[in-house]
Amino acid sequence: MISVHQPILQIVLPLMAAPICVILRNAFAGWLLALLVTGGAFVASLILLVHVVNEGPVSYAIGGWPPPWGIEYRVDGLSAFVLVTVAAIGFLSMIFARRSVEAEVAADRGYLFYTMYLLCFTGLMGIPVTGDAFNLFVFLEISSLSSYVLISLGTDRRALTAAFRYLIMGTLGATFYVLGIGLLYMVTGTLNIADLAARVPEMTHIRTVQMALAFLTVGLGLKLALFPLHLWLPNAYAFAPTVVTVFLAATATKVAVYALIRIAYTMFGGPTMFAVMPIDEVLVGFGLLSMIVGALAAVWQTNVKRLLAFSSISQIGYMVLGLGLADVTGLAGAVVHIFNHAMIKAILFMAVGCIIFRIGSADLRDIRGFAKPMPITAACVVVGGLSLVGAPLTLGFITKWLLLQGALDRNWWWVAVVIVAASLLALVYVWRLIAAAYLHPPSERVAAVREAPAPMLLALVALTVATVVIAIDGSLIGDFAVVTAKQLLGSGE
Amino acid sequence: MINISLLMIMVATALGLVWLRNLLAVVMFSGIFSLTAASLWVVLGAVDVAFTEASVGAGIATVLGLASLALTRTEHEKRTRVFHLPALIVVLVTGAALIYGTLDMPGWGDPDAPIHTHVAPRYIEDSLAETGVPNIVTSVLASYRGFDTLGETTVIFTAGVGVLVLLGRGRRYPVANPRVAAGGGPGRAPAAPGSEGAAVPGDSGEMRFKAILRVGGKLLIPPILLFAFYTQAHGELGPGGGFQAGVIFASAFILYALLFGVPMARAVAPASVLRGTLALGVLIYAGVGIAGVLLGGNYLDYSVLAHDPVHGQELGIILIELGVGITVASAMMTVFFVFAGQDPQQVD
Amino acid sequence: MDFPGLFNYWIVIALMMIGFYIVISQGNLVKKIFGLNIFQVSVFVFYISMGKVEGGTAPILAPGFATYTNPIPSVLILTAIVVGVATMAVGLALVVRIRDAFGSIEDDEIAKLEGDVT
Amino acid sequence: MVAVLLDGLSWLCLVAGVLAALIGGIGLLRLPDVFSRMHAAGLIDTLAAGLIIVGLVLQSPSWTVAVKLILIIVFILFTSPTATHALARAALHGRVLPWLGDRSSPSEGAPSSKA
């Protein structure tokens with residue numbers, strides 16, 4: 001049914017497309033190539049997801065060397081799920097990209113932009129499927145290095161400093177990650193995640209293993225912008241070119257969350273490890289802080305991009321919270337939220353991209369009344385915003401529901417209170433956005449604009465419709481997440 | 001004993017870096033640090049890594065550091081925060097955590113440590129029979145963990161393209177001659193009025209100055225190139241391989257550019273050619289993998305490339321090392337040329 | 001605990017922490033990048049130290065030798081060195097661009113010019 | 001007999017090389033300006049390195065190692081003087097003046113830092 005080589009080909013083809021893009025030296029050809037490759041990867045990842053759900057995990061030995069001697073690609077439900085998320089956003093961002101990139105990136109840099117984009121896509125696609133802890137680092141660095149460059153392409157000069165700070169923080173995070181892997185390697189002698197999973201849970205009493213988990217958590221915490229390691233994120237997202245913001249905000253931090261889940265649960269056996277070292281409670285604490293601090297900061301922003309960036313920090317808090325709850329519903333909440341938040345943030349940033357493309361500003365005061373000339377964009381903002389808050393019948397509601405259940409299952413009612421509080425704060429900042437769209441008469445400048453060009457709008461609407469459709473039958477994704485969470489927790493016992 | 005002395009030199013160098021304000025010295029100290037680390041690795045038996053660190057950490061990194069100092073026209077840090085309490089606390093906590101983590105580690109050089117008994121023995125015992133390559137580091141790097149190396153080549157490609165994106169456009173203000181910018185910055189005493197002619201060489205003096213360097217340099221370039229090819233070809237038998245060879249190859253061009261100017265070097269290696277070879281290396285590497293798939297093996301399985309698996313492995317390793325070498329050499333040259341001068345083909 | 005035992009590792013940890021300290025305490029962007037280099041190289045030293053086998057020779061198979069240094073840390077660190085220099089190249093290129101755009105490579109001065117400090 | 005003689009000669013070279021390096025090191029620290037320090041550095045570059053390598057050549061187990069070591073000497077003999085020359089010209093070009101006065105009042109051109 002599927003080619004045995006599929007797991008590797010969907011990583012290698014984007015990788016090969018990047019140098020081809022450099023040779024082509026043409027922005028349009030680069031875009032077309034990126035569109036085709038990401039589209040192909042999206043279709044392939046969907047097929048892979050169906051295959052994995054029906055027939056169990058797939059393993060692929062690169063170079064024909066059996067693991068743990070060679071590098072293994074291992075795709076289970078969770079990795080296929082994250083893969084589909086990244087590929088979907090990557091593909092839709094490319095549909096969206098052409099006009100937006102033309103507007104924001106100099107024409108002679110266009111092909112280099114798409115090269116970088118493909119490299120970043122490759123890196124982010126490589127992380128979920130790899131079954132090797134060090135290979136994960138290599139792909140993490142491919143994606144990070146290309147995102148630094150992509151962010152620096154923003155038109156504001158602050159994009160440069162944002163990229164530089166991200167580079168410093170990201171490299172520190174990667175070095176911490178390498179250090180953690182080194183500690184773990186020292187006492188186990190293996191780098192294969194499945195092989196580690198068989199050994200590490202029996203070694204939880206060894207102090208080296210405990211510190212390895214601590215360093216891996218901090219390293220990935222830097223990459224996923226968990227409070228208080230989040231300082232690089234707001235400016236990076238605010239000043240990057242819009243397409244980059246759409247893609248990175250929707251995928252980069254989510255992939256880091258995936259890596260953290262993979263490490264904490266698959267590699268360290270989750271609850272077995274937490275019993276010795278209460279890193280779950282630490283994660284719950286920082287998750288909650290992230291939720292509140294991010295939301296509070298978002299409330300005060302006037303630039304929509306920055307507002308959404310702070311909202312991202314808050315939403316990452318939800319995922320980390322679910323991860324730290326360490327029970328089936330909590331973890332399922334985190335898994336669903338990886339997908340939810342990717343979709344929601346992609347919608348909102350795409351909508352902002354449309355607004356910037358037409359109005360030329362992302363300041364709340366400049367875009368008042370944009371619902372009148374841009375009704376479709378505004379409707380998408382409403383759907384995305386409501387989902388962000390977690391209103392019933394939206395994707396966000398599924399997450400919040402699972403998380404609340406998870407918190408109550410552990411008898412942490414105060415966690416539930418904080419979740420509700422953060423949602424109310426989300427309502428405040430989303431309301432500011434909706435109010436700006438509908439409750440003000442458009443200024444002359446705003447009234448004169450039209451909807452964004454068709455491809456941009458198409459990507460935006462397609463995403464919005466997809467979230468609505470998926471939310472209508474929320475049990476589909478909810479059940480999938482619960483099954484995945486059970487697998488993750490089961491592997492530790 | 002020699003370990004401890006080398007480590008102590010490194011500690012001294014690193015501590016010196018904290019206090020130094022002169023950024024040129026910071027760059028040089030960092031190079032010294034890398035070179036000492038490389039010596040330590042030779043002692044510890046990791047010759048391939050030592051080779052790489054010596055050429056990259058002490059070579060390329062230093063050149064890049066000096067070039068960017070010239071471009072930023074800064075020589076001194078404004079002020080040094082030697083004591084920064086929050087940072088100190090973070091560092092002490094992290095260090096304490098690490099030391100706590102080491103308490104259960106096997107001792108230094110213990111042959112019974114898990115890393116020597118679990119996965120590694122197979123490489124040591126079977127790699128020669130399976131790949132036909134005596135240098136285990138090369139066989140693991142290129143074959144067993146060949147996908148990591150593909151990733152590594154991609155990272156270098158990313159850096160090359162990234163620097164092109166950031167600086168390839170040429171600069172918004174004319175750059176002074178880097179040597180003048182670096183040497184004539186603040187902190188140097190101005191020449192006494194009468195000594196102008198004596199201290200600053202005129203045109204003829206400049207030519208003589210360059211003549212000695214150029215003759216010396218010209219003599220060096222062919223051996224350097226030869227050594228690069230030797231390193232490339234000899235990587236299976238001894239330390240070396242595509243990465244080191246690429247860096248050495250690039251360094252010959254960097255030397256040429258320093259002696260005869262970037263435009264002359266550019267004429268030998270034009271931007272468009274470099275851009276092509278930069279991409280070509282990655283394509284060769286990834287293409288060898290695809291060839292493996294087409295011939296019925298797994299991705300990056302070289303055994304199917306020839307009739308005999310060991311022969312196929314050798315062929316595959318030679319090809320991918322070539323890919324690595326090409327990309328690394330082009331990336332290093334691209335990065336240097338972009339740093340060292342405007343890229344005329346980008347400006348128009 | 002016999003003498004070399006873990007003592008060497010502790011020196012390496014001290015090295016890492018000096019590098020880490022330079023990155024987070026210094027305001028000069030170039031110095032930050034080179035501090036990062038110190039941090040990374042120290043981590044590499046840590047890895048290579050793990051691979052050391054008492055009495056082992058370089059992992060190049062030759063008749064007459066039975067004990068070899070563990071090759072895996074070498075392989076991993078070769079990759080990591082390349083990643084490190086790639087990051088450094090991009091970082092320094094960013095510093096040059098920042099100098100062009102802000103006229104300074106000091107963190108606090110740039111923050112002032114940026115107007116809004118987060 | 002020959003072996004003992006070779007060994008002795010090799011050690012003589014090594015010790016002499018180390019001494020030269022030590023003297024050069026002291027000179028680097030103590031001499032007053034760039035140019036005289038460069039002179040001390042040149043001692044390490046050529047004499048010390050050369051003597052040590054000659055000592056090692058005499059110790060080498062096989063002729064391949066010896067040839068490689070001799071190649072290194074040749075390489076150093078080419079590069080070091082060229083590098084020293086470049087450094088001196090760069091210092092002049094950067095308007096660093098040789099130190100001419102007495103120790104109590106260094107001329108303006110003498111660099112203030114050891115770096």
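Letters A, B, ... mirror the listed sequences (proteins, then strands); counts begin at 1.
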Would you confirm whether A:Arg207, through its side chain, and B:Met105, through its main-chain N or O, come within 3.5 Å as a donor-acceptor pair? no
Is it the case that atom CZ in A:Phe286 sees more than 12 heavy atoms from other parts of the structure closer than 6.0 Å? no
Among residues 324-333 of chain B, residues within the sub-4.5 Å heavy-atom range of chain A, in order of number, are none
Exam field: side chain A:Trp69 to backbone B:Val119, donor-acceptor pair closer than 3.5 Å: yes
Could you go step by step and tell me if B:Phe147 and A:Phe134 meet the ring pair (Phe, Tyr, Trp, His ring centres under 6.0 Å) rule? CA-CA 11 Å; B:Phe147 195 62; A:Phe134 196 81; over 10 Å; no
Is there a side-chain contact between B:Arg145 and A:Leu191 in this structure, where contact means two heavy atoms from C-beta onward sitting under 4.5 Å apart? yes
In terms of heavy-atom pairs under 4.5 Å with chain B, the winner among A:Leu179, A:Leu9, A:Val12 is A:Val12
So which heavy atom on B:Asp104 is nearest to which on A:Val187, and how close? O-CG1, 4.5 Å
So what's closer than 4.5 Å to chain A heavy atoms on B:Ala113: side chain, backbone, both or neither? neither
Is chain B contacted by the side chain of A:Pro66, its backbone, both, or neither, given a heavy-atom distance below 4.5 Å? side chain
Does A:Thr208 offer a backbone N or O that forms a donor-acceptor pair with the side chain of B:Tyr100 under 3.5 Å? no
Sort B:Tyr285 into side chain, backbone, both or neither according to what part of it lies under 4.5 angstrom from a heavy atom of chain A. neither
